[in-house]
Amino acid sequence: MFADELNEPQAAAVAHTSGPLLVFAGAGSGKTRVITYRIARLIAEEHVPPWRILAVTFTNKAAAEMRGRVQRLSGAEAARSLWVGTFHATCAKLLRVHGAAVGVRPNFVIYDSSDQKALLARVLKDLDLDDRRFPPRSVLAHIHSHKQEGRGPDEAAAHSYVDEIALRVFRSYEERLRASNALDFEDLILNVARALEGTPEGELIRQRFDFVLVDEFQDTNATQYRMVREISRNHRNLCVVGDDDQSVYRWRGADIRNIRGFRRDHPDATVVKLEQNYRSTQHIVAAALSIIARSSSREPKELWTQNDAGDPILVVTARDERDEASLVVESIVRARGRGTKLADIAVFYRINAQSRVLEDALRRASIDYEIVGGLRFYERAEIKDALAYLRVIDNPQSDVDMLRIINVPTRGIGATSVERLAAWASSRGLPLTEALARIGEIDQLGATAKKKIAAFAGLLGGLREAAKTLTPNELLVRVLSDTAYVEVLGEEDTAESDARIENLRELSSSLLDYEVEAQAAGEPPTLCGFLERVTLASDTDSLGEQGKVVLMTVHGAKGLEFDTVLLTGMEEDLFPYQTQQNKPQDSEQLEEERRLAYVAITRARRTLVMIHTQYRQIFGKTRWNCPSRFLDELPNYGVVRSTTTSIERSFGPGFDRDFEPDETSGLTGAKQVPPPRPVEGRFVDRDFFHDQPDESTLADMRRGSRVHHDRFGEGRVLRVVGAAEPTVVVEFPGWGEKKILARFLKLA
DNA sequence: GACAGAGGGTTTTTT
DNA sequence: ACCCTCTGTC
């Protein structure tokens, strides 16, 4: 089956039937094709019922794509009954049915990151901890890393006083989750893993599936791996697909050692390597390889391609971030001139803070663009408020939601009253809803406060009563009118309040969509069902459909491909990223940055432009930059280096003939400044530095350069530091380390 | 209870 | 540069 559409290793992975299978899928090697064909073959040839196949992904988008492809191969019925979903959605579904075994009640709510943070803030306040000494952000990160490794507060060890406190916070956080009948994202997976390992119910979960597939296996964390290993324990029909070279989520718990773990747990596993790249030109594949080859401890494999050599990769030096943005604009105009669709062009950057200047330039040039990432729909305040009402109606015990809405819109229940109410409940171990019901018993509250709180309780009671007969969307409408939420917004009458009302309308229409879909699937639409979908949903589905250039971080680009990729900010300390402090770069971190660069390069099908600036404003300060080490590591062949002022030279004559040069563009400079002189190897155009001393610049000095200083004599550059002016740290024999402005140094 | 101003921190992101 | 949080004032 499919023999003529697959190469040899692809066919082997598709044909493999029972037992463990490990597929290394290089960038652009047809990974999704292998997974979906494999599913289709299991259904068609092995007669496996589709609902006995579980395919797990990391994003909803990947899940949707997989289901869509299966539909084309195996038909709508098979696609519908197949278990395809993210780890979280799959586990949530299983827990609604099997959760009792591990003490999870079926109507639990899922707390997203802002709910988690709000919950943690309560805990910190309760324990009276200074949030400067215990920043919620990092405490939460700490808790998550325990849970990602599968540890609860009792399994986590404390090595210091601070650890001790952190554990107390952890324990209290867990207690409050439980008391709120809420699960955080990690809980979804952890609880399924626990059910599978230690309960009779686990056997029932296992018996649901005959085949299990995991996509992006290099991104799994310890708990996720535990879960898939346990769920396939009986038959071991576990197929994992991934690429260790594309592991870029270590910082959020992904553990590349799971690949080794898989081999240890399944020594008899079949291993398949997909190494033929169908996506990119030879030059692009070669560039990617020369970056990743320097990575240590990777699975040996060699990406190759039969595609054309293609055009050379361009590496361009821009003066600053605005010059860079102009170059991006010029490149887009040029690509479009060659017939590339806007949606097939992407601009990548390492951090979101880089996007603003690029956006400005695109807007000025009237190029339609779409930015991926940023504030999501379901994270907007008004949406969260509305959802909090729905969740409190569905699950009265959810204190985070209760606290969010108790005075929204303002109804005269001030912070002090809320505090007293919460203290009363917390001292008795009761949820807030209980405190509302027994408001008369709370002596700490004044008569006015009691009256207002009682009125709020009455409001909720009325809504809860209404919920019994209304559909989810009707309930939302009722909530918004009974609380006068929209009314209050309407009175504001600003552009912002209008937008908020518009967002609420959109929420309503997405509820309607849900109702229609649920009915089509033969299930009654429930509030709980909708809330789960919302919490586990992302809204990046419409990507690239709108004929616009896409701007995104390199992380956001993973899994995507474009004809033309413009990779900006290729500078030391930005890419590879290094935090502000002059901490020496940790090598694990550098490895991850390297893989990230590999991911970025392999997104491009035909055209790749990599840009670095000589200086840029970042976080409010001007920083002088060295070109990224990744630029140094590119092959000589197939790479053309140039500057924005000499761009005509590298693109060939007539490059800028067909568009209007921008005033701020470096390209204008090409006509005014004398022809630049190309420099062998590392490219520095001194003409950029009219207003800089014509001494050595940062670009000449890098780690290891030998330099001379009038007073200290000869020394060796240890590192380059971001500062208002080119600055380096030099070790002078006899003097030690000195931080010196580069203009006081000469290259020795 | 609303708002202004100070202060601190600053990667990457899904669910 | 910007955003979020905290604090103090009216």
Side-chain angles (χ1 to χ4, degrees), chain A residues 56-63 85-92 110-118 121 124-125 130-132 135-138 141 144 147-148 183-190 216 219-221 223-224 247-254 321 348-357 360 372-376 378-379 381 407-418 452 492 532-540 552-559 569 573-581 585 589 592-593 595-597 599-600 616-623 722:
Chain A
V56 198
T57 64
F58 272 85
T59 64
N60 292 303
K61 208 176 143 209
T86 62
F87 269 101
H88 298 87
T90 301
C91 288
I110 301 166
Y111 276 2
D112 71 11
S113 17
S114 63
D115 301 326
Q116 293 160 25
K117 215 174 142 206
L124 292 173
K125 190 165 231 173
D130 178 10
D131 59 4
R132 262 197 300 239
R137 232 180 96 98
S138 60
H144 285 321
K147 293 176 89 164
Q148 282 159 356
L183 300 182
D184 68 14
F185 290 131
E186 314 310 336
D187 284 333
L188 295 172
I189 294 150
L190 203 48
E216 305 278 13
D219 288 340
T220 50
N221 64 37
T223 306
Q224 288 162 336
S247 158
V248 293
Y249 285 119
R250 190 178 73 108
W251 51 274
R252 69 177 198 208
E321 71 274 18
F348 297 165
Y349 35 81
R350 178 64 181 80
I351 63 175
N352 288 119
Q354 289 170 257
S355 74
R356 175 170 260 103
V357 184
D360 286 345
V372 178
L375 192 60
R376 292 209 213 86
Y378 290 111
E379 279 163 20
N407 197 31
V408 177
T410 25
R411 50 177 70 91
I413 305 174
T416 322
S417 303
V418 172
K452 285 174 170 162
E492 263 183 54
E532 173 171 319
R533 194 170 90 145
V534 163
T535 314
L536 297 179
S538 65
D539 44 6
T540 47
M552 61 181 128
T553 64
V554 180
H555 283 92
K558 190 157 166 257
D573 294 354
L574 184 55
F575 198 2
Y577 188 86
Q578 189 171 14
T579 88
Q580 302 297 274
Q581 305 92 325
Q585 179 119 29
Q589 217 173 301
E592 179 137 324
E593 295 289 318
R595 294 190 293 263
L596 197 54
V599 167
R616 85 164 60 231
Q617 286 240 320
I618 200 149
F619 299 134
K621 288 200 188 84
T622 301
R623 241 169 41 180

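Letters go in sequence order (proteins before strands), and every chain restarts at 1.
- Here A:Asp219 lies out of heavy-atom contact (under 4.0 Å) with every strand.
- Atoms CG (A:Asp573) and C1' (B:dT10) sit 15 Å apart, rounded to a whole Å.
- Minimum atom distance to the side chain of A:Arg252 is reached by B:dT14, of the listed B:dT14, B:dG1, B:dT12.
- With the nearest nucleotide of DNA chain B identified for both A:Gly414 and A:Leu596, A:Gly414 has the one nearer the 5' end.
- For A:Phe185, taking side-chain heavy atoms from C-beta onward, the closest of the listed nucleotides B:dT12, B:dT15, B:dG1 is B:dT15.
- Across all strands shown, A:Ser113 has heavy atoms under 4.0 Å from base atoms, whether or not it also approaches the sugar-phosphate.
- With rounding to whole Å, A:Arg533 atom CZ is found 14 Å from B:dT15 atom P.
- As rounded to whole Å, 10 Å separates atom C1' of B:dT11 from atom CD1 of A:Ile618.
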Residues A:Thr220, A:Val56; criterion side-chain contact (heavy atoms from CB on, under 4.5 Å); working and verdict: CA-CA 11 Å; A:Thr220 50; A:Val56 198; over 6 Å; no
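- B:dT10 atom C1' lies 8 Å from atom CD1 of A:Ile351, rounded to whole Å.
- Here B:dT15 is the nucleotide among B:dT11, B:dT13, B:dT15 with the atom lying nearest to any side-chain atom of A:Asn60.
- For A:Tyr577, whose side chain is taken as the heavy atoms from C-beta onward, the closest listed nucleotide among B:dT10, B:dT11, B:dT15 is B:dT11.
- Under a 3.5 Å cut-off, the side chain of A:Arg595 and the backbone N or O of A:Ser247 do form a donor-acceptor pair.
- At a threshold of 4.0 angstrom between heavy atoms, the contacts of A:Asn352 are confined to the sugar-phosphate backbone, with no base atom among them.
- The nearest whole Å value for the distance from the OH atom in A:Tyr378 to the C1' atom in B:dT13 is 19 Å.
- Side chain of A:Asn407 to backbone of A:Gly414: no donor-acceptor contact under 3.5 angstrom is found.
- Between A:Phe58 and the options A:Phe185, A:Phe87, A:Tyr249, a ring-ring contact (aromatic ring centres under 6.0 Å, His included) holds for only A:Phe87.
- Nucleic acid contact class of A:Leu574 (heavy atoms, under 4.0 Å, all strands): none.
- When the P atom of B:dT11 is taken as reference, atom CD of A:Gln354 falls 13 Å away, rounded to whole Å.
- The aromatic ring of A:Trp251 sits over the base of B:dT12, with ring centres less than 5.5 Å apart and planes inclined by under 30°.
- Within the nucleic acid shown, A:Arg356 comes within 4.0 Å of sugar-phosphate atoms alone, with no base atom in reach, counting heavy atoms only.
- Residue A:Lys117 is classed as a sugar-phosphate contact, given heavy-atom separations below 4.0 Å to backbone atoms only.
- Atom NZ in A:Lys61 sits about 10 Å away from atom P in B:dT15, given to the nearest Å.
- Closest to the A:Phe619 side chain, of the nucleotides B:dT13, B:dT15, B:dT10, is B:dT10.
- The interatomic distance linking A:Arg137 (CZ) with B:dT10 (C1') rounds to 8 Å, in whole Å.
- Test A:Asp184, A:Asn221, A:Thr223 against A:Lys147 for side-chain hydrogen bond (donor to acceptor under 3.5 Å, both in side chains) and you get one pass: A:Asp184.
- When each of A:Phe58 and A:Val248 is assigned the nucleotide of DNA chain B bearing its nearest heavy atom, the one mapping closer to the 5' terminus is A:Val248.
- Taking only side-chain atoms of A:Leu536, from C-beta outward, the nucleotide of B:dT13, B:dT15, B:dG1 with the closest atom is B:dT15.
- Taking only side-chain atoms of A:Gln589, from C-beta outward, the nucleotide of B:dT11, B:dG1, B:dT13 with the closest atom is B:dT11.
- A:Glu592 contributes a side-chain N or O that, together with a main-chain N or O of A:Arg250, makes up a donor-acceptor pair within less than 3.5 Å.
- Distances shown here put every side-chain N or O of A:Thr535 at or beyond 4.0 Å from the OP1 or OP2 atom of B:dT15.
- Looking at heavy atoms from C-beta onward, A:Glu186 lies in side-chain contact with A:Gln148 at the 4.5 angstrom threshold.
- Across all strands shown, A:Ala415 has heavy atoms under 4.0 Å from sugar-phosphate atoms exclusively, and none from any base.
- Minimum atom distance to the side chain of A:Tyr249 is reached by B:dT13, of the listed B:dT11, B:dG1, B:dT13.
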